There are 2 protein chains.
Amino acid sequence: MPIERRTKVTLKDLAHLCGVSLGTIDRAINDKPGVSKKTREMILRIAEEHGYRPNVIAQSLQSGKTFEIGLIVHDLNNRFFSLLVDSIQQTAWEHHYYIQLAVSLRDTTREKEIIEHMLQRNVDGILLFPTNVGETFYEYLVNLGIPVTLMANRVKGPPGSRPLPFIGLDNTTVVKQAVEQIIAQGYEVVNFVAPYFNTTNSHNYYEIDKRYQAFLSVVEVHTVEHHIFSCQQYRSEIARLSFDKRTAFFCVSDIFALELLSLFTEMGLAIPDDVGVMGFDNIDVLKYVRPSLSTINYPVSELGKQGFELLHSTISGERVNPKQMLEAQIIWRDSI
Amino acid sequence: MPIERRTKVTLKDLAHLCGVSLGTIDRAINDKPGVSKKTREMILRIAEEHGYRPNVIAQSLQSGKTFEIGLIVHDLNNRFFSLLVDSIQQTAWEHHYYIQLAVSLRDTTREKEIIEHMLQRNVDGILLFPTNVGETFYEYLVNLGIPVTLMANRVKGPPGSRPLPFIGLDNTTVVKQAVEQIIAQGYEVVNFVAPYFNTTNSHNYYEIDKRYQAFLSVVEVHTVEHHIFSCQQYRSEIARLSFDKRTAFFCVSDIFALELLSLFTEMGLAIPDDVGVMGFDNIDVLKYVRPSLSTINYPVSELGKQGFELLHSTISGERVNPKQMLEAQIIWRDSI
DNA sequence: GTGAAAGCGCTAACAG
DNA sequence: CTGTTAGCGCTTTCAC
């Protein structure tokens with residue numbers, strides 16, 4: 001570590017110090033041909049002595065590239081997102097990219113504000129777990145001037161338009177399979193629990209909707225009794241049910257499933273005999289919870305890794321497959 | 001939203017478009033005095049129409065400020081850190097600052113690499129949950145040329161040197177209090193569980209060491225039998241104990257306490273009669289765990305908020321109190 | 001091999 | 001009120 005740091009030394013300073021011109025300094029520092037071995041060594045030595053650090057800001061202004069990408073997720077309270085950010089940050093580091101992180105809090109206005117800010121900061125691309133929906137938003141993203149890659153939730157354009165690069169989970173297959181098997185276990189009622197899932201079309205519920213459609217298609221084929229719990233007070237609503245029939249709850253996220261698990265334990269219901277609970281995500285804390293929660297594993301690290309790599313390819317101008325799909329696995333444990 | 005985005009429009013472009021000079025455009029856009037109302041309105045309208053966005057990179061090069069701060073934490077797997085990052089990101093957003101996030105993975109070399117990278121990217125300051133220790137590192141941080149604020153772990157300089165701004169927890173008080181009360185409950189053996197806590201001095205264990213010293217001071221006064229478990233195989237080591245005396249385990253983090261809880265349940269020990277467990281941090285998943293874990297609440301949001309604000313004050317050149325302390329609270333539940 | 005100069009987009013200082 | 005110019009630190013082009 002060089003000692004003197006207080007004053008930043010620039011290429012120009014080095015030029016003075018070495019008694020050569022700016023151009024020569026540049027060639028030496030950046031390993032370009034056209035400098036004698038002697039001068040190059042001298043320059044590198046003096047640069048080292050003075051603790052020279054290139055100014056990335058100036059490089060960016062010149063090159064138009066920042067090697068930063070904007071990352072926008074809903075929040076960091078949900079374990080799912082922190083693991084996602086972790087994975088993206090790791091992958092980005094390996095590619096010598098930096099992350100600018102912001103959280104949208106599922107607020108459509110805030111999401112747009114964040115995008116505007118990131119644009120001004122000249123990020124090379126944006127990795128987005130979207131909250132907004134609709135064709136206007138699609139047009140907006142397409143015309144940003146920098147690549148955008150979507151994770152988990154899609155944003156669709158008008159029919160026939162080129163889709164935005166997207167990486168997500170194949171929800172349909174796994175949900176159908178899970179619901180089939182739940183029904184096969186003899187549950188008389190199968191419910192779908194998706195708080196915050198509203199139908200006003202103001203927010204992006206692409207992924208949850210996929211799951212709901214898959215759920216519906218199965219329960220309707222089997223003509224099984226089913227209900228949806230989509231309001232925030234799902235816990236108290238469910239607490240008021242009679243439970244005279246054997247009932248299963250398919251939850252779109254482990255955090256809701258855990259709430260139900262503790263509710264049913266309090267109510268003295270037998271799990272999984274009176275009532276069954278299935279989660280989604282397979283968050284890591286499940287290992288401490290009893291009865292152990294059956295769930296669907298979301299390959300969140302893969303989502304982050306491949307999401308970054310997809311964006312990275314687009315930034316590098318490669319032609320990419322605009323739609324990548326990840327597979328989930330059902331994990332049967334004791335709760336259903 | 002302006003429609004045309006593909007080509008970035010600059011102040012110079014606007015100057016041409018409006019038929020005025022660069023200087024006038026600048027004054028109009030940045031709300032400076034010295035433009036007639038008429039021209040200003042015209043300029044703002046045209047800027048809006050063409051979707052002008054200031055180039056923050058160019059502004060940074062000019063001003064030397066980026067309004068970005070570097071944030072370095074150990075990892076994001078630990079719930080503690082994701083909540084911390086969340087809180088910092090929120091606070092930064094309110095102050096119109098952006099976060100550059102990187103994780104050190106508790107690797108001393110990587111931590112220094114990250115700092116070097118952030119320096120090159122001209123962050124205005126660094127918020128650091130440090131991994132390195134020692135006076136050399138202290139000197140390094142002091143001479144970075146930008147403000148650094150430390151969270152939780154201190155980095156001490158030579159005697160008499162000006163301490164780096166720091167925000168942390170008052171570990172001593174709360175740990176002493178907790179251990180006192182554990183002993184008062186009649187435990188015959190009180191153990192300290194701190195995996196990864198080694199004494200080679202290569203890593204920064206400032207905070208854990210504080211806790212250990214506080215622990216020691218109390219058990220020694222009461223001459224209670226005590227042991228420390230500091231290796232990574234703490235779980236199997238503890239599994240081999242005989243448990244013929246009533247034993248308490250004071251863990252430096254909830255995640256270790258949860259491991260012990262499930263171990264003791266497997267072993268058929270009665271909690272808290274045969275064996276007691278105390279955690280640290282009060283991570284939010286505890287609400288789903290039975291028996292409920294007694295723990296110490298770490299005000300992590302406060303740590304993030306005040307950490308950012310401390311750094312922000314330093315960046316703004318305010319004189320600040322270099323040492324801020326947060327208070328923890330003991331939360332007694334069923335495990336001890 | 002090396003030096004000089006222009007320019008990335010913006011701000012600030014100085015003229016008019 | 002408005003225009004011109006220099007310069008932030010770097011890269012690139014073109015002379016020598």
Side-chain angles (χ1 to χ4, degrees), chain A residues 5 7-44 46-47 50-68 117-124 145-146, chain B residues 5 7-44 46-47 50-68 117-124 145-146:
Chain A
R5 285 276 153 95
T7 39
K8 285 185 185 157
V9 21
T10 70
L11 284 193
K12 205 173 159 190
D13 297 336
L14 285 183
H16 287 145
L17 287 163
C18 301
V20 295
S21 77
L22 245 176
T24 308
I25 299 284
D26 176 52
R27 285 183 277 267
I29 296 278
N30 294 316
D31 245 351
K32 292 175 189 165
V35 209
S36 73
K37 207 179 159 205
K38 211 170 178 172
T39 357
R40 164 166 286 145
E41 278 168 2
M42 184 261 287
I43 292 173
L44 290 179
I46 297 193
H50 289 263
Y52 170 73
R53 287 194 195 83
N55 181 333
V56 180
I57 295 289
Q59 289 175 329
S60 294
L61 183 61
Q62 171 69 25
S63 67
K65 304 240 324 154
T66 55
F67 291 94
E68 297 189 12
H117 278 261
M118 288 182 165
L119 238 35
Q120 292 180 196
R121 277 159 193 278
N122 286 25
V123 293
D124 292 344
I146 56 169
Chain B
R5 284 276 153 95
T7 39
K8 285 186 185 157
V9 21
T10 69
L11 284 192
K12 204 171 160 191
D13 298 336
L14 286 183
H16 286 143
L17 288 163
C18 301
V20 295
S21 76
L22 245 176
T24 308
I25 299 284
D26 176 51
R27 286 184 277 268
I29 296 278
N30 294 316
D31 245 352
K32 293 174 188 164
V35 209
S36 72
K37 207 180 160 204
K38 211 171 182 173
T39 0
R40 163 165 285 144
E41 277 167 3
M42 184 260 287
I43 293 172
L44 290 179
I46 297 192
H50 289 263
Y52 170 72
R53 289 195 193 82
N55 182 333
V56 179
I57 297 290
Q59 288 176 330
S60 293
L61 184 61
Q62 168 70 26
S63 67
K65 303 238 329 154
T66 55
F67 292 96
E68 296 188 13
H117 279 260
M118 287 181 165
L119 238 36
Q120 295 186 4
R121 276 155 195 280
N122 287 26
V123 294
D124 292 344
I146 56 169

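Note that the coordinates shown come from a computational prediction; the quantities given were computed from them, not determined experimentally. Every chain is numbered from 1, with letters handed out A, B, ... down the list of sequences.
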Next on the checklist: Quick one, Ser60(B) with Asn122(B), criterion side chain to side chain contact (heavy atoms under 4.5 Å, CB included). Give me CA distance, side-chain angles, the key distance, then yes/no.
Outcome noted: CA-CA 9 Å; Ser60(B) 293; Asn122(B) 287 26; over 6 Å; no

Next on the checklist: If you apply the rule side chain to side chain contact (heavy atoms under 4.5 Å, CB included), what do you find for Phe67(A) with Arg121(B), and how did you get there?
Outcome noted: CA-CA 10 Å; Phe67(A) 291 94; Arg121(B) 276 155 195 280; 3.6 Å; yes

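- Distances shown here put every side-chain N or O of Thr24(B) at or beyond 4.0 Å from the OP1 or OP2 atom of dT2(D).
- For NZ of Lys65(A), the number of neighbouring non-hydrogen atoms (other residues, nucleotides, ligands) closer than 6.0 Å is greater than 12.
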Checklist outcome for this item: Its contact letters, B for base, S for sugar-phosphate only and - for none at protein heavy atoms under 4.0 Å, make nucleotides 7-16 of chain D read BBBBBB----

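- The separation between Gln120(A) atom CD and dG9(C) atom P is 15 Å, rounded to whole Å.
- Within the nucleic acid shown, Thr39(A) comes within 4.0 Å of sugar-phosphate atoms alone, with no base atom in reach, counting heavy atoms only.
- Side chain of Ser63(B) to main chain of Gln59(B): a donor-acceptor pair is present (N/O by atom type, distance under 3.5 Å, no hydrogens or angles).
- Shown here for Ile57(B) and Leu61(A), the closest heavy-atom pair between the two residues is CG2-N, 3.7 Å.
- Considering only side-chain N and O atoms, Ser36(A) lies under 4.0 angstrom from the phosphate OP1 or OP2 of dT2(C).
- Using modelled atom types and a 3.5 Å distance limit, the side chains of Asp124(B) and Thr66(B) yield a donor-acceptor pair.
- At whole-Å resolution of the value, CZ in Arg121(A) and C1' in dC10(C) are 15 Å apart.
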